[in-house]
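For this chain, numbers begin at 1 and follow the sequence in order. Source: prediction; values computed, not measured. Atoms within each ligand, like the ligands themselves, are counted from 1 in listed order.
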Amino acid sequence: MTTWLGLAADDLFGIDHLPYGSAEHAGGRRLAVVRIGASALDLTAATADLAVEHASLFAGGTLDAFLAAGRPAWQQVRALLTQWLTDEAYRPALEPLLTPVDELTLRLPFCVADYVDFYASEAHATNVGRMLRPDAEPLTPNWKHLPIGYHGRAGTVVVSGTEVRRPTGQRRAADGSITFGPTQRLDIESEVAFVVGAGSELGSRVAVTDFAEHVFGVCLLNDWSARDIQAWEYVPLGPFLGKSFATSISPWITPLAALDGAWVQPPARDPRPMPYLDDSGQPSGLDLDLAVSLNGAVISRPPFATMYWTPAQMLAHLTVNGASLRTGDLFASGTVSGPDRMQRGSLLELSWNGTEPLTLPDGTERTFLEDGDEVVITASVPTRRGRIGLGEVRGRIGPAIG
Ligand code: CA
């Protein structure tokens, strides 16, 4: 299957991928887009011209209506796009609706409803436990029984490229004094996030086997974290202002349908998960290879396939108490860290709580982020025929709020 755009076989945005987004033209018009190669196809215009039965899904210029339409509509549109972009007969109508991605401003592709962040990497949870609770078991007693998570702040989820201002708040200094000021321990958390399309009824549960009926797709997420603010505030109710100032996501939402070749068996689980979390009958882990760059230098390559809890288990746990899902709900995996040092997904772990600075190629050292630093997280994924890329989530640190 090849496209008339004449892409290289190893293009990370080839015909097997087709991720969706929302963009703004120079004139200010919002349009829903699908990416092919280095171009974005204007779905708002293309459906109005060629597939009027789907036009209402994209008329708003975002993905909201499309997400809400559910899996049959997701499948129909993907089949249609595949036909359009591979059949030369559609070229004259569609070519004028293609714009180089570089010429568009990418916006948050959907309205984020609720945002939940999990803590599903055993290596990450173990590293954090060892650093912060050196005299106790690294994993808390509940960790292997349920996917731990917390509800975050949906309104401060921002699209890749948005400047992240250094947050200010209360910290406790080493001598025990309580101070107020800009965070001195600003960190990243390299994560994978899942976008809910079809909601669920209040009082019902979503089974692990119904994951693909509700989850539309996947993107990358950076859960910016102010470690000093977090450390002082988090007992007893968990993360609050140390994380709520900004959470960045990548602008392209890769549909689950593009991940057919990426499902793998997750690590062995012991103890055996409760029946509502039992996903042993299916390959429910995802083989995504992340790469984290700081000021252009790769500092880590976290492997998502090592995650202890799978996205289907996260969704089942999120709804086991009868909590409903809404279109636009976003849930993230938690920091992705592998067992090796170069696979750690946060500076907290890479610098071992600030005690082992990283040396960057320009000779400077980092424990946590400085103003002007830029972090980029990317990921690539195997397909049945090659690889696709999840794009990037990029953020530069701006000065503290005055
Ligand atoms: Ca996190």
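- Across all non-hydrogen atoms, the minimal contact from Arg326 to Asp114 is NH2-OD2, 3.2 Å.
- The Ca ion (ligand 1) forms the vertex of an angle spanning OD2 of Asp223 and OE2 of Glu191; to the nearest 10 degrees it equals 100°.
- When distances from the Ca ion (ligand 1) to the N, O or S atoms of Asp117 are compared, OD2 comes out shortest.
- Side-chain contact between Leu369 and Trp224 is present, with at least one heavy-atom pair separated by less than 4.5 Å.
- A side-chain donor from one of Arg227 and Gln230 sits under 3.5 Å from a side-chain acceptor of the other.
- For the residue pair Thr355 / Asn353, no side-chain donor-acceptor distance below 3.5 Å is found, with atom types taken as modelled.
- The N, O or S atom of Glu189 lying closest to the Ca ion (ligand 1) is OE1.
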